[in-house]
Amino acid sequence: MSNNNNNSDVSKDEQLEPVFKLKRVVRSKIVLEAPWFKSCTRLCAYISCCALREVDTSELLAQILQKQSKDGDELMGKTLYVPRVEDKNSHMRMFHISSLDDLVANSMDILEPAPLDSKGNEREDVMHVDKPVDLFILPGLAFEKSGKRLGRGGGYYDTFLSRYQELAKKNKWKQPLLVALSYSVQILDEDSIPVTPNDIPVDALVTSSGVIPISSAAFDRMKL
């Protein structure tokens, strides 16, 4: 009996995979074709993990890292930083990568940038760069259309974003646009997500249906 149930589950997954794949492609296309994405030169983005049921970013990252222009749209020149968790005390860093080959699996089998590049040099840390980041692509467990984001309880992104916003303020840079990728079912009713003073709201959400601007910065910079 259990074998039949397993076969049934596999069959359902196989049937749904084309739908999930289409939504991944559509969501990536929405971001890649957006003027606010095309105009950015430096961005931070998360590396999705299937086990964590995060919105897939593999296609998006692959496109960003391409060294050739596509259909006349220049994707070159974007500097990409991705996260590396340093310890269990909400300490996360964002390192520059130029290829998906720069990533290694950590103890939880989540891909992260190795601290040293192939030549043994330390990777560029976004907190030590003298130019601002334009855009953050963020994950989350759940969201509200007011901008609330529910993470996994570790506080890694909120801690990092708070530090980066302070750095931008200190250097008199424009604050980066905070955009989260979301499944439609992750968007909850208002007041569903508890918040603390340390929680950083997002500026906009991107689902397979389109962009949901939230903050005044999003309406201004996304021109929606």
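Counting from 1, the numbers follow the sequence of the chain as shown.
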Chemist: Could you tell me whether the side chain of T159 and the main chain of G155 form a donor-acceptor pair under 3.5 Å?
Modeler: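 The answer is yes, because a donor-acceptor pair under 3.5 Å joins these two groups.
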
Chemist: Sequence neighbours excluded, which residues qualify as side-chain hydrogen bond (donor to acceptor under 3.5 Å, both in side chains) partners of Q186?
Modeler: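 Q186: no side-chain hydrogen bond (donor to acceptor under 3.5 Å, both in side chains) contacts found.
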
Chemist: Starting from Y81, can I reach V104 by hopping between I/L/V/M/F/W/Y residues whose side chains sit under 4.5 Å apart?
Modeler: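 No, it is not one cluster - the side chains of V104 and Y81 are not joined through contacts under 4.5 Å.
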
Chemist: On a heavy-atom basis, which atom in S48 and which in E54 lie closest, and how many Å separate them?
Modeler: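 Closest pair (atom of S48, atom of E54, distance): CA-OE1, 3.4 Å.
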
Chemist: To the nearest 0.5 Å, what is the distance between CG on L111 and OG1 on T57?
Modeler: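 So the gap between those two atoms works out to 9.5 Å.
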
Chemist: Could you report the tightest heavy-atom contact between L80 and A45, atom names first, then the distance?
Modeler: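 Closest pair (atom of L80, atom of A45, distance): CD1-CB, 4.0 Å.
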
Chemist: Where do M222 and D203 land on the side-chain contact (heavy atoms from CB on, under 4.5 Å) test, with the steps shown first?
Modeler: CA-CA 10 Å; M222 292 179 162; D203 294 307; over 6 Å; no

Chemist: Hydrogens and angles aside, do Y164 and Q175 bring a side-chain donor and acceptor to less than 3.5 Å of each other?
Modeler: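 No, Q175 and Y164 have no side-chain donor paired with an acceptor closer than 3.5 Å.
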
Chemist: For Y156 versus V85, what's the shortest heavy-atom pair and its separation?
Modeler: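 Nearest pair, atom of Y156 first, then V85: CE2-CG1, 3.6 Å.
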
Chemist: Would you say the side chain of V211 lies within less than 4.5 Å of the side chain of V179, judging by non-hydrogen atoms?
Modeler: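 No - every pair of side-chain heavy atoms lies 4.5 Å or more apart.
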
Chemist: Could you check if a side-chain atom of R123 sits within less than 4.5 angstrom of a side-chain atom of L116, using non-hydrogen atoms only?
Modeler: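 Contact flag for R123/L116 side chains = no.
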
Chemist: Going by ring pair (Phe, Tyr, Trp, His ring centres under 6.0 Å), name the residues that satisfy it together with Y157, two or more places apart in sequence or in a different chain.
Modeler: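 Partners of Y157 by the ring pair (Phe, Tyr, Trp, His ring centres under 6.0 Å) criterion come out as none, since no residue qualifies.
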
Chemist: Any side-chain heavy atom of P113 sitting closer than 4.5 Å to one from D102?
Modeler: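 No, side chains not in contact.
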
Chemist: Show the numbers, then the answer: is there a salt bridge (Lys or Arg N to Asp or Glu O under 4.0 Å) between R93 and D125?
Modeler: CA-CA 7 Å; R93 300 168 74 184; D125 185 328; 3.0 Å; yes

Chemist: Side-chain donor-acceptor contacts of residues 127-140 below 3.5 Å, not counting sequence neighbours, with atom names and distances?
Modeler:
residue	atom	partner	partner atom	Å
D134	OD2	T41	N	2.7
D134	OD2	T41	OG1	3.1
D134	OD2	R42	N	3.1

Chemist: Would you name the heavy atoms of A114 and R84 that are closest together and state the gap between them?
Modeler: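 Heavy atoms of A114 and R84 come nearest at CA-NH1, 4.1 Å.
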
Chemist: Find out whether V31 and L181 are in side-chain contact, i.e. whether some heavy atom of one side chain is under 4.5 Å from a heavy atom of the other.
Modeler: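 The answer is yes; the side chains approach within 4.5 Å.
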
Chemist: Where the side chain of S215 meets the backbone of A218, is there a donor-acceptor pair that is under 3.5 Å apart?
Modeler: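 Judged by distance alone, yes, a pair lies under 3.5 Å.
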
Chemist: Could you list the residues that satisfy side-chain hydrogen bond (donor to acceptor under 3.5 Å, both in side chains) with T79, not counting sequence neighbours?
Modeler: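 side-chain hydrogen bond (donor to acceptor under 3.5 Å, both in side chains) check on T79 returns nothing, list empty.
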
Chemist: Roughly how far, to the nearest 0.5 Å, is the CG atom of D117 from the CD atom of E122?
Modeler: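 Result: 9.5 Å between the selected atoms.
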
Chemist: How far apart are the closest heavy atoms of K145 and I212, and which atoms are they?
Modeler: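 Looking at all heavy atoms of both residues, the shortest contact is CE-CD1, 4.2 Å.
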
Chemist: Drop me the distance from L150's CG to L141's CG, to the nearest 0.5 angstrom.
Modeler: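 Reported value, rounded in 0.5 Å steps: 5.0 Å.
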
Chemist: How about CG on D109, more than 12 heavy atoms from neighbouring residues, nucleotides or ligands closer than 6.0 Å, or not?
Modeler: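 No, the 6.0 Å shell around CG holds no more than 12 heavy atoms from other groups.
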
Chemist: Given side-chain contact (heavy atoms from CB on, under 4.5 Å), test V206 with V55 step by step and report yes or no.
Modeler: CA-CA 10 Å; V206 175; V55 173; over 6 Å; no

Chemist: Can you sort out the partners of E190 under side-chain hydrogen bond (donor to acceptor under 3.5 Å, both in side chains), two or more places apart, ordered by chain and number?
Modeler: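 side-chain hydrogen bond (donor to acceptor under 3.5 Å, both in side chains) list for E190, sorted by chain: S146.
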
Chemist: Please check if the number of heavy atoms outside R152 that lie under 6.0 Å from its CZ is greater than 12.
Modeler: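 Atom CZ in R152 is crowded, with more than 12 foreign heavy atoms closer than 6.0 Å.
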
Chemist: Treat each ILVMFWY residue as a node, draw an edge where side-chain heavy atoms are under 4.5 Å apart, and state whether V185 and F143 are in one component.
Modeler: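 V185 and F143: one cluster.
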
Chemist: Flag the pair L167 / W173 as yes when at least one side-chain heavy-atom distance between them is below 4.5 Å, and no otherwise.
Modeler: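 Heavy-atom side-chain distance check passes, below 4.5 Å.
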
Chemist: Let me confirm one number: the OG-CD1 distance from S209 to I187, rounded to the nearest 0.5 Å.
Modeler: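 Reported to 0.5 Å precision, the distance equals 8.5 Å.
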
Chemist: Hey, any chance F95 and I47 share a hydrophobic cluster, counting ILVMFWY side chains that come within less than 4.5 Å of each other, even indirectly?
Modeler: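 No; tracing contacts between hydrophobic side chains, which count when under 4.5 Å, never links both residues.
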
Chemist: Heavy atoms only: give me the nearest F37-L43 pair and the separation to one decimal.
Modeler: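 Closest approach of F37 to L43: CE1-CD1, 4.0 Å.
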
Chemist: Yes or no on side-chain contact (heavy atoms from CB on, under 4.5 Å) for K29 and E59, after CA distance, side-chain angles and deciding distance?
Modeler: CA-CA 9 Å; K29 188 176 181 181; E59 176 67 19; over 6 Å; no

Chemist: Is there a side-chain contact between L52 and I110 (heavy atoms, below 4.5 Å)?
Modeler: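 Answer yes - side chains close enough.
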
Chemist: What pairs of donor and acceptor atoms, side-chain ones from residues 191-201 against any protein atom, are under 3.5 angstrom apart with sequence neighbours left out?
Modeler:
residue	atom	partner	partner atom	Å
S192	OG	D189	O	2.7
T196	OG1	N198	N	3.3
T196	OG1	D199	OD1	3.4
D199	OD2	T196	N	2.7

Chemist: Return the CG to OG distance between L205 and S182, rounded to the nearest 0.5 Å.
Modeler: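 With rounding to 0.5 Å, CG (L205) is 5.5 Å from OG (S182).
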
Chemist: Go through I97 and L65 one step at a time and tell me if the side-chain contact (heavy atoms from CB on, under 4.5 Å) criterion holds.
Modeler: CA-CA 9 Å; I97 63 169; L65 293 170; 4.2 Å; yes

Chemist: Got a second to check how far S28's OG is from D56's CG, nearest 0.5 Å?
Modeler: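 These two atoms lie 7.0 Å from each other.
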
Chemist: I want to check something: taking the side chain as every heavy atom from C-beta on, are Q165 and L178 in contact at a cut-off of under 4.5 Å?
Modeler: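 Yes, their side chains come closer than 4.5 Å.
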
